[in-house]
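Everything on this sheet refers to the single structure shown next.
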Protein chains: 2
Amino acid sequence: MARTQPTSSLRPTIRDVAAQAGVSVSSVSRVLNREPHISPELHARIMRVVDRLGFEPDSAAQALRSRASNTIGCMVSDISNPLYSEMVNAAEEELQRAGYVLMLGATRHAEERETAFISAVRRRRMDGLLLFAGDNTHKDFTSALATLDLPCVGIDREVPGAPSVRADHRSGGFEVTRYLIGLGHRRIALLTGPAAVLPSTERVAGYRQAHVEAGLDVDLDLVRPQVHGSGIAFSDVCQLLQGPAPPTAIITLGTHMLASVMDALASNGIRYPGDISLVCIGDTDLARHATPAISTLTWDLSEIGRIAAKTLLERVRDGDQAQDTRPIYLPTRFILRHSCAEPRAK
Amino acid sequence: MARTQPTSSLRPTIRDVAAQAGVSVSSVSRVLNREPHISPELHARIMRVVDRLGFEPDSAAQALRSRASNTIGCMVSDISNPLYSEMVNAAEEELQRAGYVLMLGATRHAEERETAFISAVRRRRMDGLLLFAGDNTHKDFTSALATLDLPCVGIDREVPGAPSVRADHRSGGFEVTRYLIGLGHRRIALLTGPAAVLPSTERVAGYRQAHVEAGLDVDLDLVRPQVHGSGIAFSDVCQLLQGPAPPTAIITLGTHMLASVMDALASNGIRYPGDISLVCIGDTDLARHATPAISTLTWDLSEIGRIAAKTLLERVRDGDQAQDTRPIYLPTRFILRHSCAEPRAK
DNA sequence: CTCAATCGTGAAAACGTTTCCAAGAACGGC
DNA sequence: GCCGTTCTTGGAAACGTTTTCACGATTGAG
């Protein structure tokens, strides 16, 4: 009873438990951590007191001593992007199931926020890091990440020394482009995310490959990487449509961007699929329910989130063993709807 | 040089900083925490070493000693719901700006996950809690929350003893219903979220009020609270349409649910606004770009997230001072598009 | 029956901060 | 020039765990 004050109304500590159970602090710790070599009686006695007191170990103290916080960082550019939020949702579910908590860091595409988040990850001794698609030209961030020495998994992103889970955007881009070329299109516009983000790069690569295989040249003016958040797609499309050689088909991201594209078509008096063909990337309610419904390239977002979380947890548990950093690819699927047709005879 | 090992390649601690600067540990702490009464020379000397070593204080140790983790919990039923993800996004931005990190807990409407999250909040000594709309009949959760004694803010949710930030769903429901009644509708279906969630309750209240003011009875069969996630809206709408007295107008949530409703209309060969009027709640790309475009009740999601975060931070800083728990209401706005008409003469 | 290994437990030393306490130096009023 | 404040700093005690070390009690092999 040395220094066990009346427990007061404060939260009980492991000391209180030990005192009330008449055992040592280390025994309580061992029971709570399911270590072997514990007599059943001791276990029962301690657990009874734990339940009675409603004891919950303090994570700060645990993290300090054992250097594990049961926390996973999740760096994503924009959580309000439905593509991301669905992946995050699935990942969080998986992490929660394993007893981890997810720390969200939204970077809004600013490198300073990326490096700031890395710092938070380190200071808080997070156990792992989920890195969502982002600009891969951020050098400060890349080097900050390299010094981190922590289990990471990239999602639609390449991370040096870490595995990544990705949709096969290259094949997707290839398939969609080939389909349009097959319909007879020769001028296909591609509106995608910023060039320095993996899915866009890959998509463009697939787009080129389809052209190459068909023996066609690529007009780079038709490839329009979009700056995030800005409604620039609208003016980009207008410019293309009003240019000297307008595209006969458009491939565009399905989230937000599709809406801008539809606006641009409407305000130029152009209708799909009659005047122009339209394909979008990433299925949305809008793509499904637009009239006519829009053909879409899609993939399983939840599955990506789940796999990423599982992969990360494996790495967290195995320490530095797991050195398989090969990317895991998920297939894309092309859903044919009614937004494409052969190009109008000129 | 007592116990300052060669600093090795490990992360430097405050001890290393103190040793290298030739000062005491407490001085370093004071400088880092911007305490008053520090000579400029000392400050400079310490900061130089801090920068050189790249010292970053360990949050676990800080949390343990000072009982503040610079962490805010965020409990939300489903982060992939765009309504929520936009609010979370805005809140996170605000918190990040203030140096806090957001811990995400997705409950997926299960009370056990809610209570589990409360436990995590307590164990991790989080500094505050953002509570998004959820089932208010969960008694275990409510009592767990009550024992928490932590600054909280409810978002579209009532939290005992805490302020809340909400869209004025009651007025919104009232306005939309009155508008439809004004067009001549007498049988208006209302498809909304689960009854025990605040926005739905309020919405239904506004819906009733509009009926009462118009001297109309409410047919409760037309009010259809929807279970989350399930595509039940589809069958609900089919059932209503095929019933003896089908509605002449439908008010529905804009997220996901709207798509199901549109499907149901289509598969029953019913068109809006000719055969039936349609209004949705929560603006989406789909509502804007459907043909015809759908009249929508909307409000500022980002603003709600921002205000909630700011309010919470105030409470976190002021300790138990701030006892103003009055809800903060944000107005809704009704956007008239082309989805409504007078009911067909019978 | 002995000796080494293993079991089960307790005491105490970490972990890296903040904060309390103390003490010398500088300062201002008289 | 003396004395009470106020500055400025250092030393050491927390915070609540886990983990290392130690030690007696069992166990099993020979």
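Quick caveat, the model's predicted, so the values are computed rather than measured. Proteins come first, then strands; the chains are lettered A, B, ... in the order of their sequence lines, and each starts at number 1.
Residue A/N33 contributes atom CG, which lies 13 Å from atom P of D/dT20 at whole-angstrom precision. If you measure from atom CD1 of A/I14 to atom C1' of C/dA12, you get 14 Å, rounded to the nearest angstrom. Atom P of nucleotide C/dT17 and atom CZ of A/R124 are separated by 14 Å, given to the nearest angstrom. To the nearest angstrom, P of D/dT17 lies 16 Å from CZ of A/R34. Rounding to whole angstrom units, CZ of residue B/R122 and C1' of D/dG16 are separated by 16 Å. Rounded to whole angstrom, the span from the CD atom of B/E35 across to the C1' atom of C/dT18 amounts to 8 Å. Taking atom CG of residue B/L32 and atom P of nucleotide C/dT18, one finds them 7 Å apart after rounding to whole Å. The interatomic distance linking B/R45 (CZ) with D/dT8 (P) rounds to 15 Å, in whole Å.
Sorted by first and then second residue, the pairs that involve residues 87-103 of chain A and meet salt bridge (charged side-chain N to carboxylate O under 4.0 Å, His left out), not counting sequence neighbours, are A/E92-B/R108, A/E93-B/R108, A/E94-A/R97. Every pair tested for salt bridge (charged side-chain N to carboxylate O under 4.0 Å, His left out) that includes a residue from residues 27-40 of chain B fails, sequence neighbours excluded, so the list is empty. A salt bridge (charged side-chain N to carboxylate O under 4.0 Å, His left out) check over residues 39-50 of chain B, counting only residues at least two apart or in different chains, returns nothing. For residues 127-142 of chain A, no residue pair satisfies the salt bridge (charged side-chain N to carboxylate O under 4.0 Å, His left out) rule, not counting sequence neighbours.
Taking a 4.0 Å limit (strictly below) on heavy-atom distances, residues 55-69 of chain A reaches DNA chain C at A/L64, A/R65, A/R67.
Expressed to the nearest 0.5 Å, how far OG1 of B/T142 lies from CD of B/E114 amounts to 8.0 Å.
Between its opening and closing five pairs, the helix from C/dC1-D/dG30 to C/dC30-D/dG1 changes axis direction by 30°, a value rounded to 10 degrees.
Residues passing the salt bridge (Lys or Arg N to Asp or Glu O under 4.0 Å) test with B/R122, sequence neighbours excluded: A/E56. For A/R52, the side-chain hydrogen bond (donor to acceptor under 3.5 Å, both in side chains) test picks out A/Q20, with sequence neighbours left out. For A/R125, the salt bridge (Lys or Arg N to Asp or Glu O under 4.0 Å) criterion is met by B/D58, not counting sequence neighbours. By the side-chain hydrogen bond (donor to acceptor under 3.5 Å, both in side chains) test, A/D156 is found to be paired with A/H169, residues two or more places apart in sequence or in another chain being considered. For the salt bridge (Lys or Arg N to Asp or Glu O under 4.0 Å) test, no residue two or more places apart in sequence or in another chain qualifies with A/E112.
A/T13 and A/R15 share no side-chain donor-acceptor pair at under 3.5 Å.
Among the heavy atoms of the strands, none lies under 4.0 Å from B/R123.
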When you check every protein heavy atom under 4.0 Å of nucleotides 3-10 of chain C, what one-letter string (B, S, -) results, 5' to 3'?
-> ----SSBB
